[in-house]
Amino acid sequence: MEIWRPTSERIDGSHLRAYVELLGQEYGWRGGSISHDPRENGELFRALHAWSVEHPETFWRSVWKYAGLIGELGNAADNGADQIWKKRFFPKGTLNFAENALRQADTPLAQRSGLTQRSGQAQHSGGTPNHEPLAIIALDETGRRTEISRQKLREDVYRFARRLQSIGVKPGDRIAAVMPNSIESVVGFLAASAIGAIWTCCSPEFGDEAIVDRFAQTAPKVLMHALESRYNGKRFCQKDRIGRLEGRLPSVEHVILVAGDMQSATPSREWRTSRLETHWWDDIATSESCAPIEFERFPFDHPLYILYSSGTTGAPKCIVHSAGGALIQHAKEHLLHTDLHQGDRLFYFTTTGWMMWNWLVSALASSVTILLYDGSPVYPDPGALWRFAEASDITHFGASARYYAALEKHPYIPKEHVSTGSIRTVLSTGSPLLAEQYHWLYGSIHSGIHLASISGGTDIVSCFVLGNPTIPVVAGEIQSKGLGMDVRVVDEQGSTLTGVAGELVCANACPSMPLGFWNDPLGERYRGTYWDRIPGVWWHGDWSMETSSGGFVIYGRSDATLNPGGVRIGTAEIYRQLESFPEIVEAIATAKKSDGDEKIALFVKLREGTRVNADWEGTIKRHIREKCSPRHVPNWVVIAPDLPRTMNGKLSEIAVRNAISGIQIGNAGALANPDSLAFFQAWSGGSGN
């Protein structure tokens with residue numbers, strides 16, 4: 001069911017239309033132009049996608065040109081590897097990620113790429129006295145708001161880069177950070193990338209063990225650490241932890257302390273750890289020169305940052321991403337799929353430990369203002385982020401599907417409390433966005449939003465499937481494949497499926513696939529994780545369906561799919577039916593082996609103060625049977641005090657499955673609430689019904 005169609009004005013002003021025009025002018029595209037009729041654009045986009053997959057070198061070079069990126073791609077398309085997982089793009093290319101993120105924002109992108117700018121998108125005038133737009137607007141849950149211009153951001157990055165160089169940081173050295181979602185975090189990352197160092201970060205809510213599990217593998221030279229963090233109205237002093245980490249991360253030689261508003265409460269600026277050379281953020285800001293640095297251009301595949309898998313099934317994998325791959329992939333997604341224009345304001349609720357933070361920061365290269373929020377998204381009430389959106393004229397608002405579901409359950413209707421008119425695009429990821437939530441979001445924000453559900457992962461620090469601003473939105477479906485990505489749904493033999501659920505795979509290489517895993521010199525763990533499951537294609541682990549129109553439905557992780565009686569069921573199919581029960585805040589459906597078969601256990605967390613009657617479980621089972629099938633009906637419906645979630649806020653179905661099956665949880669410290677596992681480990685379930 002179509003729920004939204006873009007207007008002809010919006011289509012005409014889209015980057016995708018201008019990009020197709022560029023292809024026709026300079027790259028031999030003869031597939032036609034974007035139409036004012038969104039229904040016709042679906043067919044054209046499928047042809048465009050096929051062309052982008054068949055001509056990868058031309059496609060990625062055209063993205064580079066359209067985005068006006070700084071650097072050189074060189075004359076070689078790839079490294080000539082005969083195995084897909086070894087393929088690397090533009091081996092002769094050079095660039096500096098920070099140079100692109102910090103560039104002047106006073107030239108319209110269309111002029112940089114040689115096109116004539118068409119009207120269509122509003123520009124923000126908010127900026128500094130020299131009329132340069134803001135780079136970052138940051139807000140924390142205490143209400144403290146900070147704005148920084150692009151010029152001031154450049155100066156802060158120059159200062160911090162100089163300090164890193166002065167203490168001996170060289171290209172390839174690792175800078176580890178335990179930082180909230182703040183301007184200082186962005187400055188630290190950009191300064192590291194400016195000099196070729198490799199950034200790696202955990203957010204402050206990570207426990208000591210989770211931090212050490214990650215950083216000890218990557219042996220950082222410098223540790224950047226905030227002295228405090230805040231969440232849900234509580235303030236957490238981090239000073240003691242710095243000392244504990246010092247003893248467990250022997251590679252660290254320097255610590256950079258960010259005091260925040262704790263500076264006045266710090267007894268003495270002489271305080272330091274026992275072993276490490278200590279640098280205070282505020283001292284760097286006043287003692288180092290803000291004169292421009294000369295950006296060294298590194299190879300296209302120079303490592304930019306190390307991200308980590310959740311670690312809930314073992315030691316976290318250290319996923320190494322390249323500067324060129326992240327830059328060009330994010331530029332494609334920001335411009336062609338998300339339709340970000342110069343002067344737009346992009347917000348995504350994220351922490352520094354989630355890949356969406358990296359995706360958000362990359363948008364600086366597209367001359368937009370990024371907005372950071374640090375703290376609980378519902379503190380002091382569910383309107384916190386929406387007041388931020390209203391006060392800051394946010395044009396692109398992003399959060400997890402779980403956050404939107406929580407608002408619906410509360411209920412909180414944004415448009416009844418704030419003006420939502422500035423928002424053009426609403427983004428969602430982290431878990432499947434159900435069809436009912438599409439309807440709810442359109443009714444709760446406004447009917448003109450482009451609702452773009454997106455799906456990808458830390459593994460590629462980007463998306464496989466995502467939005468398209470020129471075609472209709474269908475409730476419950478992600479609109480399209482990412483350009484340049486040969487995304488398919490396949491069965492166990494690797495045959496392509498349409499209209500039937502199967503494994504989500506990608507049958508070609510893309511620039512943002514990892515360089516590999518840290519400390520995996522032969523690539524054995526990397527290859528085994530993604531490439532060996534179905535030879536020749538990237539196995540992503542999502543249970544999905546491609547529709548006849550080219551849209552996608554994500555049902556959940558394929559390693560968490562249910563298999564009662566040999567029938568595979570995506571957990572999202574069950575969660576969708578629970579939307580009818582407002583007393584259920586969230587749920588996890590998983591499987592337990594019993595009597596030689598898999599049986600479904602449904603664990604639910606109820607709204608505080610809720611009481612249910614004796615027939616409540618039967619009501620849920622009857623509803624699921626009527627709306628789905630007898631195979632979907634859980635054998636057990638169990639009220640749980642809490643449900644385990646990862647540090648990124650995702651519910652962990654695998655952790656529950658292992659706990660109720662008596663399987664040792666090898667890395668419970670990777671969970672944000674590991675104590676929640678005790679309930680599931682103690683639950684026996686009996687024989688089920």
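- Atoms OG1 and CZ, from Thr369 and Arg150 in turn, are 7.5 Å apart once rounded to the nearest 0.5 Å.
- For the 3.5 Å distance criterion, the side chains of His337 and Asp339 fail to qualify, holding no donor opposite an acceptor.
- With values rounded to the nearest 0.5 angstrom, Glu253 atom CD is found 8.0 Å from Asp173 atom CG.
- Between the side chain of Glu408 and the main chain of Tyr404, no donor-acceptor pair closer than 3.5 Å is present.
- Distance alone, capped at 3.5 Å, is enough to place a donor-acceptor pair between the Arg159 side chain and the Ala285 backbone.
- Taking all atoms of both residues into account, the shortest heavy-atom contact from Ile70 to Leu95 is O-CB, 3.8 Å.
- Contact check on Lys152 versus Asp156 returns a salt bridge, with a Lys/Arg side-chain nitrogen under 4.0 Å from an Asp/Glu carboxylate oxygen.
- Electrostatic pairing of Arg230 and Asp374 does not count as a salt bridge here, judged by no charged N lying under 4.0 Å from a carboxylate O.
- Phe236 has its ring centre no less than 6.0 Å from the ring centre of Tyr231.
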**Request:** Under the side chain to side chain contact (heavy atoms under 4.5 Å, CB included) rule, what do Leu360 and Leu372 come out as? Steps first, then yes or no, please.
**Result:** CA-CA 9 Å; Leu360 173 66; Leu372 315 176; 3.8 Å; yes
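- Taking each heavy atom of Asn673 and Leu643 in turn, the nearest pair found is ND2-O, 2.9 Å.
- Between His279 and His254, the ring planes lie tilted relative to each other; the angle falls in the 30° to 60° range.
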**Criterion side chain to side chain donor-acceptor pair (under 3.5 Å) on Ser287 and Arg163, from CA distance to verdict** = CA-CA 9 Å; Ser287 62; Arg163 176 59 62 92; 2.9 Å; yes
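- Closest non-hydrogen pair, Ala384 versus Tyr373, comes out as CB-OH, 3.8 Å.
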**Request:** Report the C-alpha distance between Tyr305 and Asn358 in whole Å, list the side-chain angles of each, state the deciding distance to 0.1 Å, and finish with yes or no for side chain to side chain contact (heavy atoms under 4.5 Å, CB included).
**Result:** CA-CA 9 Å; Tyr305 36 62; Asn358 306 79; 3.4 Å; yes
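- Between the side chains of Arg145 and Ser392, at least one donor-acceptor pair of N or O atoms lies under 3.5 Å.
- Between Trp357 and Trp199, the two ring planes are parallel [angle under 30°; tilted spans 30° to 60°].
- Put simply, CZ on Arg402 and CG on Leu433 are 14.5 Å apart, with the number rounded to the nearest 0.5 Å.
- Here CD1 of Ile449 is found 11.5 Å from NE2 of His396. Values are rounded to the nearest 0.5 Å.
- Considering all non-hydrogen atoms of both residues, His15 and Leu340 come closest at NE2-O, 2.8 Å.
- Atom NZ of Lys234 sits in a sparse spot, with 12 or fewer heavy atoms from other residues, nucleotides or ligands closer than 6.0 Å.
- Judged by distance alone, the side chain of Arg154 and the main-chain N or O of Pro292 form no donor-acceptor pair under 3.5 Å.
- Checked for salt-bridge contact, Glu586 and Arg645 meet the test: a charged N lies under 4.0 Å from a carboxylate O.
- The side-chain contact (heavy atoms from CB on, under 4.5 Å) with Phe160 is formed by just one residue from the set Ile256, Leu190, Ile195, Ile175; it is Ile256.
- In this pair, Trp386 and Phe397 present their aromatic rings parallel. The plane angle is below 30°, not in the 30 to 60° band.
- Using a distance-only test at 3.5 Å, with no hydrogens or angles considered, a donor-acceptor pair links the side chain of Asp381 to the main chain of Gly383.
- Taking the six-membered ring where tryptophan is involved, the planes of Phe349 and Phe347 are tilted, since the angle between them lies from 30° to 60°.
- Using cut-offs of 30° and 60° for the angle between ring planes, the His417 and Tyr412 rings count as parallel.
- Side chains of Ser149 and Gln151: no donor on one and acceptor on the other come within 3.5 Å.
- Here the side chains of Val178 and Met224 are not in contact, with every heavy-atom distance at 4.5 Å or above.
- Note: Phe215 and Phe206 fail the aromatic proximity criterion, with ring centroids not under 6.0 Å apart.
- For the residue pair Thr218/Thr200, the side-chain donor-acceptor check at 3.5 Å is not satisfied.
- Glu390 places a side-chain N or O within donor-acceptor distance of the main-chain N or O of Ser419, the cut-off being under 3.5 Å.
- A side-chain donor-acceptor contact under 3.5 Å links His446 to the backbone of Ile423.
- The side-chain heavy atoms of Arg214 and Val212, taken from C-beta on, include no pair separated by under 4.5 Å.
- Atom OG1 of Thr429 sits about 4.5 Å away from atom CD1 of Ile454, to the nearest 0.5 Å.
- The backbone N or O of Leu327 lies less than 3.5 Å from no partner atom in the side chain of Ser362, so there is not a single donor-acceptor pair.
- Without hydrogens or angle criteria, Gln437 side chain to Leu434 main chain gives a donor-acceptor distance under 3.5 Å.
- Ser309 places a side-chain N or O within 3.5 Å of a backbone atom of Lys317 that can act as its donor or acceptor partner.
- Taking CZ of Arg144 as the start and CG of Leu139 as the end, the distance is 9.5 Å to the nearest 0.5 Å.
- One N or O on the side chain of Asn100 and one on the backbone of Asn96 form a donor-acceptor pair closer than 3.5 Å.
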**Request:** Tell me, with the steps shown, if Glu333 and Ser462 meet side chain to side chain contact (heavy atoms under 4.5 Å, CB included).
**Result:** CA-CA 8 Å; Glu333 294 181 349; Ser462 56; 3.3 Å; yes
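- Ser367 and Gln342 share no donor-acceptor pair across their side chains, judged by distance under 3.5 Å alone.
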